[in-house]
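Below: one structure, written as structure tokens.
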There are 2 protein chains.
Amino acid sequence: MSAHAYLVDDDEAIRDSLGWLLESRGVTCVSYPSAEDFLAAWSPSLAGCVLLDIRMDGMSGPELFDVLRERGSRLPVIFLTGHGDVPMAVSALKKGAFDFVEKPCNDNELVNRVIEALKLDENQRAAASGADSVNSLVSRLTTREQQVMDLVLAGKLNKVIADELQVSMRTVEVHRANLFEKMGVRTAVELAQLLAGKR
Amino acid sequence: MSAHAYLVDDDEAIRDSLGWLLESRGVTCVSYPSAEDFLAAWSPSLAGCVLLDIRMDGMSGPELFDVLRERGSRLPVIFLTGHGDVPMAVSALKKGAFDFVEKPCNDNELVNRVIEALKLDENQRAAASGADSVNSLVSRLTTREQQVMDLVLAGKLNKVIADELQVSMRTVEVHRANLFEKMGVRTAVELAQLLAGKR
DNA sequence: GCGCATATTGTGGAAATCCGCAATGTTGTG
DNA sequence: CACAACATTGCGGATTTCCACAATATGCGC
């Protein structure tokens, strides 16, 4: 399951030439003749980047892009167009497209963009896996443990937490110890560091 | 020192009409006939956003934009152009321009963009001032206190910190209490929260 | 030298946390 | 119903933190 460049274009000649270009530079490619075909093959775990033609039969490039974003994909998308107009480029980039290039374009430039996009995706996935692992840890906590954790993270003493939750201090201590164990930390500070930014 | 929209365009007619449009919607404006004039008036504390013409005598819009970014400004910039081309728009947006619109354009749209840009700038400044205030707090700590703080944030016990710094536990306790005082927190967790993200 | 900030250490007690051992009640599933 | 998971509480002791009171030493500016 390595990263590939996904070519989505209804023009077979372009798919072939772009595919050959990228492959020759060491970028593995998978081609799709339509947005629908790519969408059918897509899954959240697909890694890499997308080279997406603007105008296609059926679903257009921008439409596919919107669908991918709606489905939570952060796959870098490079739009390709032979008849670009400024508002479309602006719209695409403001929505988070990685790049927007006009055909024909400089081969070297394009390959460089693709490589940058692949690198971005890799970094994003690394960051996301960090957040995910934290979330999965948190999700393994019981309701009570999460409540206690929130109060611990608010810097409150066990005594105060016990009072707010209307339980004994001992109970809080137990939950606290259990959640520390589950979160794999030894102190409240480590917990705060672990959750810094996420959640 | 409130936020304004700064109009930079060498066409007086456009400065006037845009200025009137924005003022009529409650956005105060200041106009400059050239990039050089704006740059002369610019300071890091200037708040608001910039409406910047692409093609001007002397320094061009993109050139001014680059200079501002080099000087550390994060002022949102909306590019205005009567003869836009796609690569220029792509380049501007990828460099961090807020928007790129072609003249003539829909008045409502433009005003909305300006208002969004002003809001973005305000948010950015609020976030930055937060980071600054934290940094200024940290800078008031003595060397030793910062060392202790680092180790505290690493979740280490006073005993361990004392060992690593080759001093007595009591000394660590003193530094710890002093730095908590200076940072305005009561617990290590609050300290971690305060510094989450920054530094 | 004097004053001030900083760094250092000690004593001792109050407060809080950490933890093993033990037990009870509730809830949901097979 | 038996079993497992969760929530709850108490006891007692070890460890740690918090803090007031007190003292010594170093370096820097006036």
Side-chain angles (χ1 to χ4, degrees), chain A residues 130-199, chain B residues 130-199:
Chain A
D132 275 2
S133 69
V134 166
N135 283 331
S136 94
L137 282 179
V138 172
S139 70
R140 288 197 187 88
L141 300 178
T142 65
T143 308
R144 220 37 171 173
E145 284 164 352
Q146 289 192 26
Q147 291 172 2
V148 172
M149 185 178 78
D150 287 341
L151 296 172
V152 167
L153 289 176
K156 295 177 180 175
L157 296 179
N158 285 349
K159 181 191 292 190
V160 180
I161 297 174
D163 188 58
E164 289 191 24
L165 294 183
Q166 292 285 296
V167 296
S168 76
M169 245 186 69
R170 190 66 187 83
T171 302
V172 175
E173 289 178 54
V174 172
H175 288 317
R176 185 183 178 119
N178 288 339
L179 79 88
F180 276 23
E181 166 71 27
K182 288 184 183 176
M183 297 297 289
V185 297
R186 298 189 73 269
T187 70
V189 178
E190 284 179 21
L191 182 64
Q193 301 284 18
L194 182 65
L195 296 185
K198 352 255 176 190
R199 238 190 129 251
Chain B
D132 276 1
S133 69
V134 167
N135 283 330
S136 96
L137 283 179
V138 172
S139 70
R140 289 197 187 90
L141 299 179
T142 66
T143 309
R144 217 44 168 168
E145 285 165 352
Q146 289 190 27
Q147 290 172 1
V148 172
M149 186 177 78
D150 287 341
L151 296 172
V152 166
L153 289 177
K156 295 178 180 173
L157 295 179
N158 286 349
K159 183 191 292 192
V160 180
I161 297 174
D163 188 57
E164 290 192 24
L165 293 183
Q166 293 285 294
V167 295
S168 76
M169 244 186 69
R170 191 65 188 80
T171 302
V172 175
E173 290 179 56
V174 172
H175 288 318
R176 185 183 178 118
N178 288 339
L179 81 87
F180 277 24
E181 166 72 27
K182 288 184 183 176
M183 298 295 290
V185 298
R186 297 189 73 270
T187 70
V189 178
E190 284 180 21
L191 183 64
Q193 301 284 14
L194 182 63
L195 297 184
K198 353 257 177 188
R199 237 187 131 249

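Fair warning: this is a prediction, and the values are worked out from it, not measured in the lab. Residue numbers begin at 1 in each chain, while the letters A, B, ... track the order of the sequences.
Contacts of A/R186 classified as side chain to side chain donor-acceptor pair (under 3.5 Å), with partners at least two apart in sequence or in another chain: none. The side chain to side chain donor-acceptor pair (under 3.5 Å) search around B/K159 returns none, not counting sequence neighbours. Applying the side chain to side chain donor-acceptor pair (under 3.5 Å) rule to B/T187 yields no partners; only residues at least two apart in sequence or on another chain are considered.
Across all non-hydrogen atoms, the minimal contact from A/A192 to B/V189 is CB-CG1, 4.5 Å. Scanning all heavy atoms of the two residues, the minimum distance from B/L165 to B/R144 falls at O-NH2, 3.5 Å. Here the closest heavy-atom approach between residue B/R176 and residue B/V152 is recorded as NH1-CG2, 3.8 Å.
Between B/V167 and B/H175, the closest side-chain pair of non-hydrogen atoms is not below 4.5 Å. Residues B/L141 and B/M183 meet the side-chain proximity criterion, which asks for heavy atoms closer than 4.5 Å. Looking at A/L191 and A/L179, their side chains come closer than 4.5 Å, going by heavy atoms from C-beta outward. With a 4.5 Å cut-off on side-chain heavy atoms, A/L151 and A/V172 do not count as touching.
Helix-axis bend for the helix from C/dG1-D/dC30 to C/dG30-D/dC1: the local axis fitted to the five terminal pairs at one end deviates from that at the other end by 40°, rounded to 10°.
Residue-to-nucleotide proximity on DNA chain D shows that, of A/K182 and A/S168, the 5′-proximal contact is made by A/K182. Comparing B/Q166 and B/R140 by the nucleotide of DNA chain C whose heavy atom lies nearest to each, the residue mapping closer to the 5' end is B/R140.
Here the P atom of nucleotide D/dT8 and the CG atom of A/N178 are 12 Å apart, to the nearest Å.
Looking at heavy-atom distances under 4.0 Å, A/T171 makes contact with a base.
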Encode nucleotides 14-24 of chain D as B, S and - characters from 5' to 3', where the letter depends on protein heavy atoms closer than 4.0 Å: B to the base, S only to sugar-phosphate, - to neither. --SBBBBB---
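In the 5' to 3' direction, nucleotides of DNA chain C lying under 4.0 Å from heavy atoms of chain B begin and end at C/dT6 to C/dT11.
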